[in-house]
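Structure first, commentary second.
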Amino acid sequence: QVQLVESGGGLVQAGGSLRLSCAASGRTLSSYVMGWFRQAPGKEREFVAAIRWSDGSTRYADSVTGRFTISRDNAKNTVYLQMNSLKPEDTAVYYCAADRTIFLFTTTDVYDYWGQGTQVTVSS
């Protein structure tokens with residue numbers, strides 16, 4: 001079992017920045033891919049970014065490329081999502097997820113473990 005706890009959400013004006021954190025426990029993550037997903041009201045949960053813990057390889061959704069950065073801290077067993085140049089359309093609940101794989105999957109059905117989510121609201 002992997003337990004995931006997100007933090008760092010909040011209210012920010014358009015153009016601002018936030019950093020989300022996802023603290024993981026219960027397993028050594030060297031064989032895992034960690035992902036960030038988001039879900040806006042009335043919409044399906046969508047992929048944002050993923051990172052392969054073993055080598056730091058990353059993948060991003062087109063909508064956030066160049067604005068968001070995913071990273072991990074081995075010592076803290078924590079994954080981060082640095083979000084810059086935020087837009088109102090980035091408003092959503094952001095979820096951290098984990099899957100024991102080497103592939104940077106972008107679909108929700110692959111990931112076995114999920115956090116509770118953290119709300120990000122971007123005002124115009």
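Here the structure is a predicted model, which means the values were calculated and not measured.
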For residues 18-27, which side-chain N or O atoms pair as donor and acceptor with protein atoms under 3.5 Å away, sequence neighbours left out?
| from | atom 1 | to | atom 2 | distance (Å) |
| --- | --- | --- | --- | --- |
| Ser25 | OG | Gln3 | OE1 | 3.4 |

Beyond-backbone contact of Arg45 with Trp114, side-chain heavy atoms, under 4.5 angstrom
yes
Which pairs with one or both residues in residues 38-66 pass ring pair (Phe, Tyr, Trp, His ring centres under 6.0 Å), sequence neighbours excluded?
Phe37-Phe47
Do Thr78 side-chain atoms and Lys76 backbone N/O form a donor-acceptor pair below 3.5 Å?
yes
Does anything in residues 42-83 pair up under disulfide (SG to SG under 2.5 Å), and if so which pairs, sequence neighbours excluded?
none
Distance-minimising heavy-atom pair for Ala50 and Val33:
CB-CG1, 4.2 Å
Test item: Leu29 and Asn77 side chains (from C-beta on) under 4.5 Å apart, heavy atoms
yes
Give a yes or no answer on whether the side chain of Thr118 reaches the backbone of Gly9 with a donor-acceptor pair at less than 3.5 Å.
yes
Indicate if Trp36 and Leu86 have the same hydrophobic cluster label, given that clusters are the connected sets of ILVMFWY residues with side-chain heavy-atom separations under 4.5 angstrom.
yes
Could you tell me which residues satisfy salt bridge (Lys or Arg N to Asp or Glu O under 4.0 Å) with Arg72, sequence neighbours excluded, listed by chain and number?
none
Restricting to pairs with a member in residues 24-60, which pass disulfide (SG to SG under 2.5 Å), not counting sequence neighbours?
none
Distance in Å, Ser85 OG paired with Arg67 CZ, rounded so as to fall on 0.5 Å steps
7.0 Å
Check side-chain hydrogen bond (donor to acceptor under 3.5 Å, both in side chains) between Asn84 and all other residues, then give those that pass, not counting sequence neighbours.
Ser17, Gln82
ILVMFWY cluster membership beyond Tyr80 - transitive side-chain contacts under 4.5 angstrom
none
Linked, directly or transitively: Leu81 and Tyr32 (ILVMFWY side chains, under 4.5 Å):
yes
Take atom CD of Gln1 as the centre, draw a 6.0 Å sphere, and report whether it contains more than 12 heavy atoms from other residues, nucleotides or ligands.
no
Residue pair Gly117 / Val93: nearest heavy atoms and the distance that separates them:
CA-CG1, 3.8 Å
May I ask whether Ile51 and Tyr111 are part of the same hydrophobic cluster, defined by side-chain heavy atoms of I, L, V, M, F, W, Y residues being less than 4.5 angstrom apart, directly or through others?
no
What closest approach, in Å, do Ala92 and Arg38 show between heavy atoms, and which atom pair accounts for it?
CB-CB, 3.8 Å
With sequence neighbours left out, which residue pairs that include part of residues 29-94 fulfil the disulfide (SG to SG under 2.5 Å) condition?
none
Give the ring-plane orientation class for Phe68 versus Tyr94, where under 30° counts as parallel, over 60° as perpendicular and anything between as tilted.
tilted
If hydrophobic clusters are built from ILVMFWY residues whose side chains come within less than 4.5 Å, do Val48 and Val79 share one?
yes
Taking every heavy atom of Ala14 against every heavy atom of Ser124, the minimum-distance pair comes out as CB-CA, 4.4 Å
Extract all donor-acceptor atom pairs below 3.5 Å that involve side chains of residues 97-107 and protein atoms in other chains or at least two apart in sequence.
| from | atom 1 | to | atom 2 | distance (Å) |
| --- | --- | --- | --- | --- |
| Thr101 | OG1 | Phe103 | N | 3.1 |
| Thr107 | OG1 | Asp109 | OD1 | 3.0 |

For Asp55, which residues count as a salt bridge (Lys or Arg N to Asp or Glu O under 4.0 Å) partner, sequence neighbours excluded?
Arg52
ILVMFWY network linking Met83 to Val64, side-chain heavy atoms under 4.5 angstrom:
yes
What distance separates Gln39 CD from Thr108 OG1, expressed to the nearest 0.5 Å?
9.0 Å
By the disulfide (SG to SG under 2.5 Å) test, which pairs, at least two apart or in different chains, include something from residues 45-79?
none
How would you list, by chain and number, every residue that makes a salt bridge (Lys or Arg N to Asp or Glu O under 4.0 Å) with Glu89, sequence neighbours excluded?
none
